[in-house]
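Index from 1, following the sequence. Whatever order the structure lists ligands and atoms in, that order sets their numbers, starting from 1. The structure presented is a predicted model; accordingly, all values stated were derived computationally and were not measured.
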Amino acid sequence: MEITRREFLKMSAAGAALMAIGCPVAAWAAKGEGEPDRWVKGVCRYCGTGCGVMVGVKGGKVVTVKGDPKNHNAGFLCLKGALMTSVIYAKERITQPLIRKNGKLTPASWDEALNLVASKFKEAIAQHGPKSVAYYGSGQALTEETYLASKIFKAGLKCNNVDGNPRLCMASAVGGYVTTFGKDEPMGSYDDIDNASCFFIIGSNTSECHPILFRRIAARKEANPATKIIVVDPRVTNTTRIADIHISFIPGTDLALLNSMAYVIIKEEMDNPRFHGAYCAFMDKEGKPQTFEDYKKFLEDYAPEKAEKITGIPAKTIKEVAKIFAQSSATMSMWCMGINQRIQGVWANNLIHNLHLLTGQIGRPGATTFSLTGQPNACGGVRDAGGLSHMLPAGRLIANKEHRNQMEKLWGLPEDSLNPEPGLPTIALFEALKEGKIKAMLILCTNPAQSLPDVNRYREAMARKDKFICLIEVFQDAETVQFADVVLAPAFWCERDGVYGCSERRYALIEKAIEPPGQCRPSVNILVDLAKRMGVDPKLVPYNNAADIWDEWRAVAKPTVYNFWGITRERLRKESGLKWPCPSEDHPGTNIRYVRGEDPLVPPDHPTKYFFYGRPDGKAVIWFRPYVGCAEGPDSEYSFVLTTGRVLDQWHTSTMTGKVPEIQRSYPKAFVEINDKDAKKLGIQTGDHVQLETRRDKMVFEARVGEVCRPGLVFVPWFDPKLLINKLTINAVDPISKQPEFKICAVKVSKAAKA
Ligand SMILES: Nc1nc2c(c(=O)[nH]1)N[C@H]1C(S)=C(S)[C@@H](COP(=O)(O)OP(=O)(O)OC[C@H]3O[C@@H](n4cnc5c(=O)[nH]c(N)nc54)[C@H](O)[C@@H]3O)O[C@H]1N2
Ligand SMILES: Nc1nc2c(c(=O)[nH]1)N[C@H]1C(S)=C(S)[C@@H](COP(=O)(O)OP(=O)(O)OC[C@H]3O[C@@H](n4cnc5c(=O)[nH]c(N)nc54)[C@H](O)[C@@H]3O)O[C@H]1N2
Ligand code: SF4
Ligand SMILES: [Mo]
């Protein structure tokens, strides 16, 4: 099927994620440029769905991208994935190192730039110790890049200030999995979608943010119309439109709903005592062991009639969804930032897991508790390879002596030589920069000058005259470039090879398809070169390429529950991704963890079917997690809730998608969505200018009036660098995960004069 450019634009503008189109788009894209002379296998640059792609190359140039039919996406791609060509060849590409001289970024040689960066880091460490430097990385960097940067800082410089944007994104999900199951990462996989009879989607706009997974959910519903879809979101989205039940509710009250569902499930005897009796431990919020009876007492506060008062959800609806959740043949939960970006993010994650453990909706095809990961390699790189300030590779912790000693052995370091004190998580790190405690920072593949909350504060930090920031960045118009003292030019996407790991524990290889432009170099080469110049022992960085790093990382993970020894580079070249655990080269990969006969890490003769081996007692935890509320709720002065999030075709700070003319035309600038009843009261119509003011800053947006937001709520997408909504958002963090509450703050809404 060919589609015309007009139809194509129409689909894009309509945000029709359901229409997620595969090869037709690629065919269209190929048309103007000519047929490729070879196809190179890779992974989409964007979201945590991790679609496989085939990159079409002609005469050394990428001319088109299409879906890989052998990967989980079965050849489908959404528009972002298919339209990469204009991004690669954008005129804003940085093609050589730049040094700021007299306030202006000026071209420099690699030698000059790298020597300058190395001298600044060495000077800071000599004068102020290793705590005065930092690395701020990304869930979009390659696994090899994250593993290497983390090793250079933690092992080479004895500095644990290694963090990254997954702190803004997945930290609460990690906290949830670790506290409930003992180890990070989902136990199920995308195949569960094809077997689920109930989807419980909470705090995820799957349709716009994981379009190809949404396509699969829709396909499941189409093939099996009895499949129930429940969506819990305070907005009407493309996702809620296919829901059988859309629960719109007071933002930030999910915990009351989830506890109330547990209450109903037990009250109506829809729980599964055979499961939770055998495989679960109960714990109060301090982590003290409790009983099932104690749990019932704890839940008394969440009877549906009481929860209705907190959440605004009719008691009847709570009872109904609890019943569907518990009694469907296989229930699959999915969630994302509506749950994670909250000061009660970890607890909300625990409560979703609770429902699955209580009902035994777990560990069977279609029955699973599945966190949707945002970025393409937050799982594989940052989470698995240990790119956060409290972590070492493969689930090991800095604060754990045994784990440090294991890593010292594996890295050839003297015993007890790793720094035992965890480093600073993102917000604390940028606070330290603001206070002048961080003297030198290396930033890779993230754009904090736009993506951090309360961003005026951290732009000020980055603007300090006495700090030094080295940024490795692809585009000169990324906001953070303004604050960099040195900018290094990396090879982008398929201009180098490396591994991404997506939401379903699937590792897949991006193969090198083309040469990078100008003087751009693969980031692993930049990092190795820089480490040596900083005086890091060359024996710690003996790599010639990303493949060398991959082999070391496999060995580092082998003795742990992250065992993917069988996922060799050779296999990744041949196969379209493999799911760990995968302990040997003849192992096909794992669909369901913690289940005998499915997970190679559960011994075949294990006495019980389920074995949560991540925890010392082999049992998963049902947690008592009370609803508390948000950091800054509405009051008489700031009487609305401001929430922020995404739109279908723009990616994050839009440095990439903003280079695609078709996308830029459909989403040219940010706007504010406001409920029509609220708008009427305030005299606002679509297209009017509306001022949003929080305790941090104010800004004017064009209004979109309708029923998308419930009354009392306004929504602004955060992609637009000209309208930096993060100047308004709050920097409050979850006390466990340290993830900021991007999803809720109080805002004053008023009509503004036309600008
Ligand atoms: N098109 C596109 N896709 C992307 C990205 C992108 O930039 N663009 N980014 C990727 C990344 S890194 C991420 S993290 C994911 C994010 O994916 P999602 O989390 O699905 O996207 P968001 O728009 O941030 O927020 C999801 C929903 O949370 C709802 N929400 C707000 N407050 C609450 C609440 O209190 N409770 C509940 N239950 N819901 C609430 C919002 O209304 C919104 O619809 O998307 C990934 N995919
Ligand atoms: N208000 C609000 N703010 C949010 C969120 C929200 O929901 N609301 N969500 C948060 C979440 S979930 C996330 S994940 C973060 C994301 O925030 P960021 O990571 O800051 O956003 P990106 O635009 O993805 O930034 C990636 C940067 O890396 C550059 N880049 C691309 N490819 C490469 C490469 O190969 N190498 C190098 N070196 N650079 C490259 C891009 O040009 C871009 O500047 O934002 C957070 N901020
Ligand atoms: S769904 Fe995500 S991974 Fe798949 S093509 Fe779209 S942006 Fe890329
Ligand atoms: Mo994210």
**Asked** Looking at ligand 1, does any of its N/O atoms fall within less than 3.5 Å of an N/O of T253?
**Response** no

**Prompt:** Considering R646, R342, R710, which one's heavy-atom position lies nearest to atom 34 (C) of ligand 1?
**Reply:** R342

**Item:** Shortest protein contact, atom 47 (N) of ligand 2 (heavy atom only)
**Value:** S451 O, 2.9 Å

**Asked** Does D233, backbone or side chain, put an N or O under 3.5 Å from an N or O of ligand 1?
**Response** yes

**Asked** At a non-hydrogen distance cut-off of under 4.0 Å, which region of R496 contacts ligand 2 (side chain, backbone, both, or neither)?
**Response** side chain

**Item:** Polar protein atoms (N, O or S) that approach atom 4 (Fe) of ligand 3 to under 2.8 Å
**Value:** C51 SG

**Item:** Polar side chain donor-acceptor pair, N73 to T49, under 3.5 angstrom
**Value:** no

**Item:** Any N/O pair I744/ligand 1 closer than 3.5 Å
**Value:** no

**Message:** Evaluate G645 for polar contact with ligand 1, using N/O atom pairs at a separation under 3.5 Å.
**Reply:** no

**Complete:** Note: I472, heavy atoms under 4.0 Å from ligand 2, region reported as both

**Complete:** Logged contact type for N205 with ligand 1, heavy-atom cut-off 4.0 Å, is both

**Prompt:** Heavy-atom contacts under 4.0 Å between T653 and ligand 2: side chain, backbone, both, or neither?
**Reply:** both

